[in-house]
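Worksheet for the structure shown next.
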Amino acid sequence: MAAGGVDVSRSSVAVKKDYDFYRNGTARDVYLRQSGRDGERRQSKRPSDQDLRRKDERHRPRVASEKRELRDEVEIERPSEKKRKFSPVVWDVDKVAKAPSREKTKSPFTIPTKPNLDVDVSVNRKTSSKDHVNVVVSPEPAHLTPVQPFEAQLSGKHLVDDLEEGQLEEEEVMQAPPVKTCRWGTGLTSPEEELRSQSDTVPKSSRWGTGLTSRKEELRSQADTVPKSRWNRSSVSPECEELVVSEDQQCNLSGSGSGDRRLEQLSADEHSDHEYYSSDHNELESEEPTSTQGGSNMLLGSRSVNEFQKLNKINEGTYGIVYRARDAKTMEIVALKKIKMKEDRYEEEYGFPLTSLREINILLSCNHPSIVNVKEVVVGGKNESDVYMVMEHLEHDLRGVMDRKKQPFSTSEVKCLMLQLLEGLHYLHTNWIIHRDLKPSNLLMNNTGELKICDFGMARQYGSPIKPYTQMVITQWYRPPELLLGAKQYSTAVDMWSVGCIMAELLSQKPLFPGKNELDQMQKIFAVLGTPSEAVWPGFSSLPNAKAKFPSQPYNLLRKKFPAISFVGGQILSERGFDLLNSLLSLDPEKRLTVEEALNHGWFHEVPLPKSKDFMPTFPPKR
Ligand SMILES: Nc1ncnc2c1ncn2[C@@H]1O[C@H](COP(=O)(O)OP(=O)(O)OP(=O)(O)O)[C@@H](O)[C@H]1O
């Protein structure tokens, strides 16, 4: 019997109804209903007590293979919820691979300083001038199709995010078959199948500003003559609106990075707080501060920020200052994120930060209730060239709420929040996006019980076969052991670790692993989950930082922190709840739950059921 009450998930019709009520309207259930397999799926997916994962590591391989089967099943009938508004901008970086490392790159687009800029927008051809950016709007807004990694590979184009760790220097255009699942190293399937399942939705238009209509129409008419080269090459459906931005000699690689740092080199004062540092930017954003003359601009037609009335500053992050503002036209309250330009010409990065470009690019293409909605991009302000993202406004972020809350969230509230987080993440992972910075301050909340993922500055599209990426992502407290140990090949499992840390924090109201520096972070993790070995984590010993001597701690002590019973009235966690948490916090990323598995976990089906958003607590506005 679960500590939270009697497990009625298999017998109680009422409970099932409640659960269905909560889930009603989600694309997942619509999908299940449409596919006529609702009952079957629920029955097969709802874990019984037998389904609970055995803790004995000897059973892990079997469990892992079951997980793969489950993933296969889920993937074959991929729900339709993963539609994107359009595929994000893809930077053509063919030449980048050859570019000398450490060469600085220039701003990706020119910010307009006057209404009519000298814009060179051409269709599907590379510009010869290195300062020009080509924008291609593909002619067929017929299907919503995520940019698939293999598609980029087949077309010989690399996504902007691929420019990490100098891995492209030697790289050939890969023709490897695409993976079927989001997690790397798992089954393979055809890209056509994947895309066919997504091709039935009417696309939304690109939303680079609101005044683009006429220009867009112009572009579209030009684009009518353009062969659908990228999609044709990979024999897949055409994208709805594809912006291909070619830019010569930008995004140069830094061959170094910090990936080779050994654990022994880390000192206690190296990273004194939990805020992340990221060499990602060294790798991605080392841009030559070249002249911006003659460049094209993707913000043409964008509204001016003067059309918004700034009400107050909400927060300031590394990459932006976020304001609450009112749209003078619609009177709608919005959040304006002012992109911080890099102004020191002698810095590695200068001009418009690529992290922000990446964030705008991905967020504009996403369309899901658990992902913050970016409405448009506006320009102007005190400094003519300032760029702002206009987002829907949510009153709180989870960090602020937890800091001010006296009591932890109840189990049913945690379930409500976790489901929303997982649904948003499911959307991202099925669209080949890793967030790479999930943490409470990047989860927005409003007073209608909604949770939305924000801050996509570290997010990236990923592909198969997985390439080496920087491991210096994810705020330290939420960073998984494989990244701390220096793994450069990773995928969606890194987000799932962060989800585990967030779940623990929601339950206990305090961070699970508040490391002071990377070494301390690893020690804190291993002190609770046990020191990894080849037996529990095959491949562990070959990770760059695994040679370090960690204090030996052979046991998993997580249950002590989240007991099934409490004599002092503290928060308790049922067997199933613990199984979910423990499986999210698997040291071996291959054994960590996928987002589908987490969404289908039995904990969400047992009482107390997830609270309806309508009954979630509200919080007073921040002062
Ligand atoms: N749409 C929004 N509505 C309300 N508040 C928001 C919104 N977007 C962001 N915020 C607030 O601003 C903070 C910083 O935003 P964001 O994380 O996007 O900026 P950042 O500069 O990328 O931050 P970081 O330093 O974490 O990378 C968030 O933690 C949140 O409190």
Side-chain angles (χ1 to χ4, degrees), residues 4-5 9 12 14-33 38 42 46 79-83 332-335 366-375 391-428 435 438-455 499 502-503 505-507 509 571 577 580 595-596 598-622:
S9 60
S12 167
V15 166
K16 183 180 181 308
K17 269 189 185 159
D18 281 353
Y19 181 77
D20 288 347
F21 171 77
Y22 176 82
R23 309 283 291 166
N24 260 353
T26 66
R28 182 170 156 272
D29 272 16
V30 171
Y31 154 71
L32 288 171
R33 281 197 298 275
D38 193 339
R42 283 189 193 289
R46 183 179 301 128
S80 59
E81 68 183 324
K82 60 183 176 175
K83 304 299 185 295
E332 187 187 5
I333 298 293
V334 295
C366 286
N367 180 21
H368 189 274
S370 296
I371 311 284
V372 70
N373 183 30
V374 171
K375 296 163 180 288
M391 294 179 275
E392 63 179 315
H393 175 262
L394 283 90
E395 291 94 335
H396 312 283
D397 67 56
L398 206 47
R399 167 84 286 130
V401 166
M402 284 196 287
D403 287 348
R404 286 188 295 154
K405 231 170 159 287
K406 292 195 174 67
Q407 296 288 322
F409 285 105
S410 69
T411 302
S412 59
E413 289 165 356
V414 173
K415 287 183 183 179
C416 173
L417 295 171
M418 283 291 292
L419 275 176
Q420 294 183 69
L421 168 58
L422 288 169
E423 282 172 349
L425 198 57
H426 182 255
Y427 175 85
L428 294 179
H435 186 279
L438 290 175
K439 58 181 175 179
S441 62
N442 287 341
L443 302 178
L444 301 174
M445 274 185 72
N446 63 18
N447 280 335
T448 53
E450 290 178 315
L451 174 147
K452 295 180 192 249
I453 303 171
C454 76
D455 193 356
V499 169
I502 292 166
M503 176 179 170
E505 196 164 337
L506 285 170
L507 289 165
Q509 187 94 335
Q571 181 76 297
L580 173 60
V595 72
E596 292 97 325
L599 267 173
N600 287 308
H601 197 277
W603 186 55
F604 295 111
H605 300 258
E606 72 175 16
V607 288
L609 290 171
K611 196 173 250 186
S612 159
K613 287 178 208 167
D614 298 337
F615 297 109
M616 285 296 280
T618 58
F619 305 96
K622 276 183 263 182

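Numbers here simply count residues along the sequence, with the first being 1.
Residues His393 and Leu444 fail the side-chain proximity criterion, which asks for heavy atoms closer than 4.5 Å. When side chains are defined from C-beta on, Glu505 counts as touching Arg399, because their heavy atoms get closer than 4.5 Å. Under the 4.5 Å side-chain criterion, counting only non-hydrogen atoms from C-beta, Leu425 is in contact with Leu428. A 4.5 Å side-chain heavy-atom check between Leu398 and Leu417 finds at least one atom pair inside the cut-off. Side-chain contact between Leu451 and Lys613: absent, with no pair of heavy atoms (C-beta onward) separated by less than 4.5 Å. For the pair Phe604 and Leu599, the minimum side-chain heavy-atom distance is 4.5 Å or more.
Proximity of a side-chain donor or acceptor of Thr618 to a complementary backbone N or O of Asn447 within less than 3.5 Å is not detected. One N or O on the side chain of His435 and one on the backbone of Asp455 form a donor-acceptor pair closer than 3.5 Å.
Residue Cys416 holds its SG atom at 11.5 Å from CG of Leu421, rounded to the nearest 0.5 Å. Atoms NZ and CE, on Lys415 and Met503 in that order, are 9.0 Å from each other to the nearest 0.5 Å.
Residue Lys452 is tested with Glu423, Glu395, Glu392 for a salt bridge (Lys or Arg N to Asp or Glu O under 4.0 Å); the sole match is Glu392.
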**Prompt:** What do the steps show when you test Asn442 against Asp397 for side chain to side chain contact (heavy atoms under 4.5 Å, CB included), and what is the final call?
**Reply:** CA-CA 7 Å; Asn442 287 341; Asp397 67 56; over 6 Å; no
**Request:** Would you please test Ile453 and Leu443 for side chain to side chain contact (heavy atoms under 4.5 Å, CB included) and show each step?
**Result:** CA-CA 5 Å; Ile453 303 171; Leu443 302 178; 3.9 Å; yes
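The two residues Pro617 and Glu413 have their closest heavy-atom pair at CD-OE2, 3.5 Å. When all heavy atoms of Gln407 and Lys405 are compared, the closest pair comes out as O-NZ, 3.0 Å. Taking both residues in full, the closest heavy atoms of Ile371 and Gly424 are given as CD1-O, 3.6 Å, listed atom of the first, atom of the second, then distance.
By the 30° and 60° cut-offs, the orientation of the rings of Phe619 relative to Phe409 is perpendicular.
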